[in-house]
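Below you'll find the structure, written out as structure tokens, and then a few comments.
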Amino acid sequence: MKEVCIIGGGASALMCACFVKNNVNITIYEKTSKLGKKIIVSGNGRCNLTNINMNKYSYSCNINNHMQRFTNEQTIDFFNSIGLETYADNEGRVYPITNSSQSVVDVLNNYIKQKNNIKFVQNTEIIDVFNEKSQYFVKLSDSSIKKYDAVVFASGNQTNLKLLDKFNVEYNNFLPSLCALHTDTNKNLSGIRVFNVGVSCSINNDKFYEEGEVLFKEDAISGIVIFNLSAFMSRKKSFANDIYVDFLPKMNKQDLIDELSKRVVNLSKLKVKDFFTGLFVGAISEQILSKAHLNYNLSVSTINNKQIECIVDIIKNYHIKTFSPCDNNQVCSGGVKLSFLDDNLQSTNNNGLYFMGEVVDVDGVCGGYNLQWAWTSGRIVGESL
Ligand SMILES: Cc1cc2nc3c(=O)[nH]c(=O)nc-3n(C[C@H](O)[C@H](O)[C@H](O)COP(=O)(O)OP(=O)(O)OC[C@H]3O[C@@H](n4cnc5c(N)ncnc54)[C@H](O)[C@@H]3O)c2cc1C
């Protein structure tokens, strides 16, 4: 029997175990006491396990060939076949019908339990890996050394990439992705959530623009659009300090000028502080009026065309200064370069050394794409071991 060591008991390792052939013995080492920890916390405890919509912007690089070997549809079918009922929301995000991520871990564990070639060793960290004469040796946290025919890294973004230097496997260092961004310029908006706004920034002439929901916090901005913006920054290996929010992206500048001019006439008997009532929530209105240096207590009728243009500029290009990524990142960009792996995710320089999941330099945007990569890469390695 072929003996294989898998480092890490997360999403990709569990999927790999489901697809490994019976003539291969697998030992999965997990340094914590829990298997599938990140699956449990994913999707706010609901586990957004994949997405029914895939496009070329879903991932940091082209992984079409890999994805065709275990597509999102096949993933859903597989989970259904092992007992997990699923549904998709309006954005195509797929969740278990129980809305509990524990169900995802449970169905995987139940399926794996029926196989007798998979062993789990928890509370054990792999601290080193080396090879000699086509055998692999792994050093465990208790300093014991075990011998294997193949080793699979499934250790996610906690992988000590330096361990790979001896194997001539090239990698990019991990950088936080899918996270909130620190800012201290919006304290007055803390707790406000805005929907259907446009967020933009540019890095070295490459532009990011996406519409969706943004959440203002005491010292940060968050929300799916901001998470995806952090992924853009991480892929560019650069941080953009200046980002812009368009509070009314469906209206062009001229439409907005016309709309506000009408409001000046229709609301002429009200005070400036009421100018935006019904258009924005209070805290946003106050912020825009204060940025436009308007006196709240004057009559709306005093607002002139120049001031309207200034207000429009603020609404369409609301400037936010950001400082750094927050450390609540869901994933990291970086990891082992795909160009150093063959079609089965085996190192081109080292027979028997495999990589799957987040340790590979593939990352997706929000919406179930990162787990889909863990499932797809896990299956590919499982079948090819
Ligand atoms: C809060 C949060 C929410 C998320 N929500 C979603 C979501 O809704 N949808 C989505 O698609 N993605 C989501 N993700 C991302 C997704 O969870 C990861 O992309 C995915 O789990 C990666 O799978 P993996 O198998 O590569 O690694 P992981 O699932 O991270 O597993 C790696 C495991 O290896 C173990 N390990 C590391 N080093 C060693 C070692 N040396 N020895 C032994 N064990 C080791 C770790 O303890 C860990 O358990 C979320 C992530 C977070 C943090």
Side-chain angles (χ1 to χ4, degrees), residues 5-18 27-51 54 58-60 72 75 89 91-96 99-101 104-105 108 120-129 138-142 146 151-164 174 176-180 222 224 227-228 231 326-336 345 354-382:
C5 160
I6 297 188
I7 307 175
S12 58
L14 294 177
M15 187 56 83
C16 176
C18 292
T27 306
I28 300 178
Y29 291 95
E30 167 55 48
K31 67 178 178 183
T32 69
S33 58
K34 271 213 170 102
L35 298 167
K37 249 182 346 212
K38 270 204 196 162
I39 303 176
I40 299 288
V41 297
S42 69
N44 286 326
R46 291 198 296 152
C47 184
N48 172 200
L49 59 117
T50 186
N51 200 300
M54 292 277 158
S58 308
Y59 291 101
S60 52
N72 48 348
T75 302
D89 71 7
E91 310 282 328
R93 300 186 197 109
V94 177
Y95 296 93
N99 273 326
S100 163
S101 52
V104 178
V105 177
L108 289 168
F120 291 103
V121 182
Q122 279 135 269
N123 298 308
T124 304
E125 183 174 358
I126 302 292
I127 53 176
D128 200 5
V129 182
V138 297
K139 187 171 182 188
L140 314 188
S141 36
D142 65 4
K146 307 264 183 211
V151 166
V152 184
F153 277 83
S155 33
N157 62 30
Q158 293 167 32
T159 307
N160 175 4
L161 291 168
K162 290 256 170 291
L163 289 184
L164 304 177
F174 290 123
S177 187
L178 302 190
C179 56
S222 185
I224 289 175
F227 275 35
N228 287 340
C326 298
D327 56 10
N328 64 345
N329 57 303
Q330 290 196 353
V331 291
C332 281
S333 66
V336 173
L345 301 172
Y354 292 82
F355 298 87
M356 58 192 187
E358 213 181 316
V359 66
V360 183
D361 192 358
V362 170
D363 61 277
V365 292
C366 274
Y369 299 100
N370 287 294
L371 279 171
Q372 180 60 58
W373 169 245
W375 311 135
T376 296
S377 56
R379 177 171 180 169
I380 290 173
V381 173

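Just follow the structure's listing: the first ligand is 1, and inside any ligand the first atom is 1.
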Query raised in the report: Does a side-chain heavy-atom distance below 4.5 Å link Leu163 with Ile127?
Result: no

Report task. Output the distance between atom CG (Leu371) and atom OG1 (Thr75), rounded to the nearest 0.5 Å. Result -> 10.5 Å

Query - Side-chain touch Thr50/Asn72, heavy atoms, less than 4.5 angstrom - result: yes

Query - Distance, nearest 0.5 Å, that separates CZ of Phe153 from CD of Glu358 - result: 15.0 Å

Report summary line: Contacts for ligand 1, heavy atom under 4.0 Å, by chain and number, are Ile7, Gly8, Gly9, Gly10, Ala11, Ser12, Tyr29, Glu30, Lys31, Thr32, Lys37, Lys38, Val41, Ser42, Gly43, Asn48, Thr124, Glu125, Ile126, Ala154, Ser155, Gly156, Gln158, Gln330, Val331, Gly357, Glu358, Gly368, Tyr369, Asn370, Leu371, Ala374

Query raised in the report: Given the rule in the side chain to side chain contact (heavy atoms under 4.5 Å, CB included) test, do Val360 and Ser377 qualify, once you have shown the distances and angles that lead to the verdict?
Result: CA-CA 9 Å; Val360 183; Ser377 56; 5.7 Å; no

Query raised in the report: With side chains defined as the heavy atoms from C-beta onward, is the minimum distance between Gln122 and Lys31 less than 4.5 Å?
Result: no

